[in-house]
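These notes are about the structure you will find just below.
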Amino acid sequence: MKLLVINGPNLNLLGVREPEIYGREDYAALCRLVEESAKALGAEVALFQSNHEGAIVDRIQQALGEADGIVINPAAYTHTSIAILDALKAVALPAVEVHLSDLSAREPFRQISYPGMACLHTVTGKGLAGYREAMEWLVHYLRQRG
Ligand code: DQA
């Protein structure tokens, strides 16, 4: 089973960026957690981070025929990107949305998620551990589906 974990803009600055909201662990720590979680779940994982909307769309398209499912934190594109929503719908791979912070407790402009409309499940407000939970959910779903 092959998973693809995608992170959007500014997540490469984890640890530096608003640590009171996003925590003190850096992007390398997030990558380690994702790789360890994949190993524990008996899955393969590819990681991708970009600050560019089109690059994220390209990577989602590339996942077709390559990955069994996608975990995505579209970051700020969550609230703006119909292109990422359409890419997820186009490849029609099972996808889970993850956010470090609790979006329901934040600004009104963060209350809408376009990519989330193409996701089967959302994990929000659990920090880095949310990625493990999202991967567990996705692997469980893929194994149940067969
Ligand atoms: C985020 C929440 C978004 O609103 C924000 O723009 C981010 C990170 C999160 O993980 O909590 O960049 O997706």
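One-based numbering, in listed order, for ligands and for the atoms of each.
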Quick check on Asn73 - does any of its heavy atoms sit under 4.0 Å from an atom of ligand 1?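 Yes, Asn73 has heavy atoms under 4.0 Å from ligand 1.
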What pairs meet the side chain to side chain donor-acceptor pair (under 3.5 Å) rule with one or both residues in residues 28-41, with sequence neighbours excluded?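 Not a single pair qualifies under side chain to side chain donor-acceptor pair (under 3.5 Å).
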Using a 4.0 Å heavy-atom cut-off, say whether [X] meets ligand 1 through its side chain, its backbone, both or neither.
X      : answer
Ile21  : neither
Val98  : neither
Arg110 : side chain
Glu18  : neither

Which residues share a side chain to side chain contact (heavy atoms under 4.5 Å, CB included) with Leu85, sequence neighbours left out: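 Per chain and number, Leu85 pairs via side chain to side chain contact (heavy atoms under 4.5 Å, CB included) with Lys89, Tyr114, Met117, Ala118.
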Which residue supplies the protein heavy atom nearest to [atom], what is that atom called, and how far is it?
atom                    : value
atom 9 (C) of ligand 1  : Leu100 N, 3.4 Å
atom 1 (C) of ligand 1  : His99 ND1, 3.7 Å
atom 12 (O) of ligand 1 : Arg17 NH2, 2.8 Å

Could you list which atoms of ligand 1 come closer than 4.0 Å to a heavy atom of [X]?
X      : result
His79  : 3 (C), 4 (O)
Ser101 : 2 (C), 9 (C), 11 (O)
Leu103 : 2 (C), 4 (O)
Tyr22  : 5 (C), 7 (C), 8 (C), 9 (C), 11 (O)

For the residue pair Ser50 and Arg59, confirm or rule out a side-chain donor-acceptor distance under 3.5 Å.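 Note: Ser50 and Arg59 side chains miss the donor-acceptor criterion.
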Using distance alone, with no hydrogens and no angle criterion, decide if Asn51 and Glu53 have a side-chain donor and acceptor under 3.5 Å apart.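 Absent: no donor and acceptor within the cut-off.
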Spell out, yes or no, whether Val57 and Ile82 are grouped together once hydrophobic residues are joined by side-chain heavy atoms under 4.5 Å, including indirect joins.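 Not linked; separate clusters.
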If two hydrophobic side chains count as joined below 4.5 Å and joins carry through other members, does Val71 share a cluster with Ile84?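 Not linked; separate clusters.
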What I want to know is whether Leu11 and ligand 1 share at least one N or O pair that is separated by under 3.5 angstrom.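 No; the residue has no nitrogen or oxygen that sits under 3.5 Å from a nitrogen or oxygen of the ligand.
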Quick one: sort the Trp137 and His121 rings into parallel, tilted or perpendicular, breaks at 30° and 60°.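 The rings of Trp137 and His121 lie parallel, inter-plane angle below 30°.
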Nearest-0.5 Å distance that lies between atom OG1 in Thr122 and atom CD1 in Ile72: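 Answer for the OG1-CD1 pair, Thr122 versus Ile72, is 11.5 Å.
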Just verifying a value: how many Å separate Leu138 CG and Ile70 CD1, rounded to the nearest 0.5 Å?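 Result: 9.0 Å between the selected atoms.
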